[in-house]
Each structure stands twice: as structure tokens, then as C-alpha cells.
Amino acid sequence: MPTLKRLREEAALSQIELGRVCGVSSHTIWRWEQALSRPSPEHRRKLSEIFGKTPKEVLEAIDTTAEQAKKQAAA
């Protein structure tokens, strides 16, 4: 399952570019990709439009990102 970062990279967007499209800062995108915060439902809908994925696929990517962050923290 892809992570948020992978979805962003597959869309050929930088954190800055994605932040501009979503109306948030690149730091917010970084926090989402590090699982330090989660996108709001509104932002998840926007991400699904940008990435051409279903909202469920975006939510799964968010959850995968969080799972990977937990594993890294435990290691």
C-alpha cells in the first residue's frame, strides 16, 4: 500500500506544490507525510481529486504512513 509521500511523488508534485493546491503550507504536507498530523476530511477529499484516487485509497495511504511511522519509532 502506498504512503502519502509515494502518492505525492507519483503525481510529480513537491511538498510546496501540493501545499499550494491544498491551501496549506509545505510544512503541513511534511507533517502529514511524517504522520505527525492527519489531513482533515476536506483535505482528504482534495487529495483524492489531486491524486486521482478514491477517498478510501487516500485514507489507506494515510493509515499506511502512520503504521510505518510507528514501526520506525519502535525500532
Inset, instruction - Might you confirm whether atom CD1 of Ile16 has over 12 heavy atoms from other residues, nucleotides or ligands at distances under 6.0 Å? - result: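 12 or below, so no.
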
Determine yes or no for a side-chain-to-main-chain donor-acceptor pair under 3.5 angstrom, with [X] supplying the side chain and [Y] the backbone.
X     : Y     : result
Glu17 : Ser14 : yes
Arg31 : Ser37 : no
Glu57 : Thr54 : yes

Legend entry - Electrostatic pair Asp63:Lys56 at N-O distance under 4.0 angstrom: no

Using 0.5 Å steps for rounding, measure from the [atom1] atom of [X] to the [atom2] atom of [Y].
X     : Y     : atom1 : atom2 : result
Thr65 : Trp32 : OG1   : CH2   : 12.0 Å
Lys46 : Cys22 : NZ    : SG    : 7.0 Å
Gln15 : Lys5  : CD    : NZ    : 7.5 Å
Thr3  : Glu60 : OG1   : CD    : 13.0 Å
Arg38 : Ile62 : CZ    : CD1   : 5.5 Å
Ile29 : Leu4  : CD1   : CG    : 8.5 Å

Legend entry - Check: Leu7 and Ile50 side chains under 4.5 Å, non-hydrogen atoms: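 No, side chains not in contact.
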
Legend entry - Partner residues of Glu42 under the side-chain contact (heavy atoms from CB on, under 4.5 Å) criterion, sequence neighbours left out: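 Partners of Glu42 by the side-chain contact (heavy atoms from CB on, under 4.5 Å) criterion, ordered by chain and then number, come out as Ser40, Arg45.
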
Could you pull out the closest heavy-atom pair between [X] and [Y], with the gap in Å?
X     : Y     : result
His43 : Val24 : NE2-CG1, 3.4 Å
Ala66 : Ala35 : CA-CB, 3.7 Å
Thr64 : Pro2  : CB-O, 3.8 Å

